[in-house]
There are 2 protein chains.
Amino acid sequence: MKTPLAVLPIGRDLGGLPLYRAVKRSLLQRIESGEMAPGQAMPNETELALRFGVSVGTLRRAVDDLVAEHIVVRRQGRGTFVATHTADRFLFQFFHVERSDGLREAPVVELVSFERTRLDDEAAEALALKPGLQALAIDHRLRLQGKAVVHDRVVLPAHLFRGLTEKRWRDRPGTVYQLYQSEFGITVVRAQERLRAVGADRTAARVLGVAAGQPVLQVRRVALALNGLPVEWRISTVVTAQHDYVNLLSRHEVRGSDR
Amino acid sequence: MKTPLAVLPIGRDLGGLPLYRAVKRSLLQRIESGEMAPGQAMPNETELALRFGVSVGTLRRAVDDLVAEHIVVRRQGRGTFVATHTADRFLFQFFHVERSDGLREAPVVELVSFERTRLDDEAAEALALKPGLQALAIDHRLRLQGKAVVHDRVVLPAHLFRGLTEKRWRDRPGTVYQLYQSEFGITVVRAQERLRAVGADRTAARVLGVAAGQPVLQVRRVALALNGLPVEWRISTVVTAQHDYVNLLSRHEVRGSDR
DNA sequence: CCCAATTTGTTCGTATGTATA
DNA sequence: TTATACATACGAACAAATTGG
């Protein structure tokens with residue numbers, strides 16, 4: 001016999017909102033709140049349907065949406081799990097640089113610097129925060145096949161990453177997004193990037209070993225968490241002499257945002 | 001009483017293939033073959049389900065996939081239609097340049113040149129064809145708010161676009177993808193782009209009115225048709241002084257390819 | 001190796017709601 | 001108003017994958 005679990009409220013009135021959307025929202029809230037943690041199995045479908053007081057089909061419809069948004073993953077015969085960030089997912093969804101001949105591989109990341117600083121105007125705007133707020137600025141060099149190809153500057157608002165030190169950053173076992181998730185409860189689910197071509201500035205030129213002024217690709221990214229709020233600002237500089245930024249225009253948009 | 005319509009075969013044996021995938025494939029084939037043309041309404045769901053000999057739920061599942069891939073569109077109360085290329089869709093799915101302050105608008109397109117030529121090695125490789133095949137090369141200048149921002153070079157294999165003349169190109173009412181679809185039965189559904197930063201070459205510099213060698217963004221795109229075959233090769237050069245190439249990393253991949 | 005329990009995946013059928021013409 | 005078509009919701013049955021005995 002399973003533990004007798006509480007009935008889950010779907011949310012007050014749902015004004016015209018389809019039932020499955022209400023269920024989805026409720027599930028999302030439970031995930032955001034940490035009640036169902038990443039990696040953890042959710043109750044099974046019939047169980048959840050029972051608790052929500054909806055049919056299995058309706059419950060499945062709600063979960064379908066979460067699966068499409070990479071927020072949960074289903075495994076036949078095993079269960080449904082709150083999605084964890086993996087190196088694979090990071091590579092696939094957030095790392096777009098590959099060699100011009102199509103060779104794709106994980107970059108080797110070197111830490112260049114880790115500083116406490118304050119948000120400049122651009123970072124503040126991107127993060128929807130006030131300029132001058134305490135922040136962390138972390139620089140990396142990324143190598144592909146030994147070649148220095150990308151310079152990354154990551155800017156994090158300090159109040160979201162309390163207790164983050166250079167050592168913890170350095171010693172993280174996986175990707176930085178895995179670190180955000182496991183150590184700070186921040187799950188990055190989507191991002192917006194803006195790209196432009198510029199002449200390499202001194203920092204990038206030094207870190208990447210190219211001449212200042214040489215054309216490089218600059219990628220500005222703001223990463224958004226589960227709750228839709230921006231949590232990371234990043235400027236990547238890419239040497240595109242032998243590498244490209246690839247973009248597949250074959251993906252699909254989320255149906256309804258709910259955020 | 002409806003006309004008594006033929007039973008639709010789903011496809012011989014379906015070895016382990018779920019029924020809804022077989023139905024989807026069958027629908028796709030009918031669309032590719034032109035049996036159901038763009039803009040045209042498909043038979044309604046119960047009708048289709050009946051003809052395929054499956055339940056409405058299964059039929060809907062198949063159509064769901066096609067909707068997700070933008071191959072058909074559903075309109076409640078009206079019907080399900082084979083998708084047509086529209087200016088909106090083109091802008092949203094295939095045009096990624098906007099002003100750095102976020103202003104997004106349709107570009108004004110000027111024809112610069114229209115030539116008959118032959119596939120060079122790079123174009124041939126991208127199009128999976130042999131170098132030297134007859135082709136059309138068409139150059140454009142795109143303006144945003146009056147500013148020349150993009151230079152486009154479109155390369156089309158002549159055998160797919162028989163009878164395409166400069167006049168027909170010039171006189172098309174909508175986007176070029178609408179032209180491909182309505183005049184040549186070619187529906188572009190997805191594309192792959194590779195981006196790099198380079199110094200502006202002479203052509204681009206002339207067309208865009210920038211100094212040669214100035215950093216510009218170069219976008220190489222191969223566009224794929226419904227059947228998955230490449231049909232267009234394009235190199236765009238973007239002046240990113242006041243504009244960005246934007247990319248939303250929030251979209252989702254297609255489940256199973258079927259192609 | 002096989003069997004049984006568990007969980008998601010697929011398919012069916014039906015009823016009712018909502019948007020459109 | 002009426003008819004049509006898609007949208008939502010329900011419930012049930014069986015298939016397929018996984019795990020553990």
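Quick note on labels: first sequence line is chain A, next is B, and so on, each numbered from 1.
Residue-level contact check: A:V56 touches neither bases nor backbone, having no heavy atom under 4.0 Å from any strand. Heavy atoms of A:R75 sit under 4.0 angstrom from primed sugar atoms or phosphate atoms, though from no base atom. Within the nucleic acid shown, B:G57 has no heavy atom closer than 4.0 Å to any nucleic acid atom. At a threshold of 4.0 angstrom between heavy atoms, the contacts of B:T80 are confined to the sugar-phosphate backbone, with no base atom among them.
The side chain of B:Q76 has D:dA7 as its nearest neighbour among C:dT8, C:dC12, D:dA7. Closest to the B:R60 side chain, of the nucleotides C:dT11, C:dT8, D:dT8, is D:dT8. When the nucleotides D:dC6, D:dC10, C:dT11 are ranked by their closest atom to the side chain of B:T58, C:dT11 comes out on top.
A:E69 has a carboxylate O that lies under 4.0 Å from a charged side-chain N of A:K24, or vice versa, which qualifies the two as a salt bridge.
Summarising the geometry, the separation between CG on A:L66 and C1' on C:dT8 is reported as 15 Å, rounded to the nearest angstrom. Remark: P of D:dA13 and CG of B:L19 are 20 Å apart, rounded to the nearest angstrom. Between A:D64 atom CG and D:dA7 atom P the separation is 15 Å, expressed in whole Å. Residue B:K24 contributes atom NZ, which lies 16 Å from atom C1' of C:dT10 at whole-angstrom precision. With rounding to whole Å, B:R61 atom CZ is found 18 Å from C:dG13 atom P. Computed from coordinates, the A:L59 CG to C:dT7 C1' distance equals 13 Å when rounded to whole Å. Atoms CD (A:E45) and C1' (D:dA12) sit 14 Å apart, rounded to a whole Å. Rounded to whole Å, atom C1' of C:dT11 lies 14 Å from atom CG of B:L17.
In terms of phosphate contacts, A:R74 brings no side-chain nitrogen or oxygen within less than 4.0 Å of OP1 or OP2 of C:dT7. Side-chain N/O atoms of A:R78 include one lying less than 4.0 angstrom from OP1 or OP2 on D:dT19.
Using a 4.5 Å cut-off on side-chain heavy atoms (C-beta onward), B:H85 and B:F94 make contact. Looking only at side-chain heavy atoms (C-beta outward), A:V231 and A:L156 stay at 4.5 Å or farther from each other. With a 4.5 Å cut-off on side-chain heavy atoms, B:V54 and B:L48 do not count as touching. Using a 4.5 Å heavy-atom cutoff, the side chains of A:V149 and A:R143 are not in contact.
Checking A:V54 against A:G77, the closest nucleotide of DNA chain D that is more toward the 5' end is the one next to A:V54.
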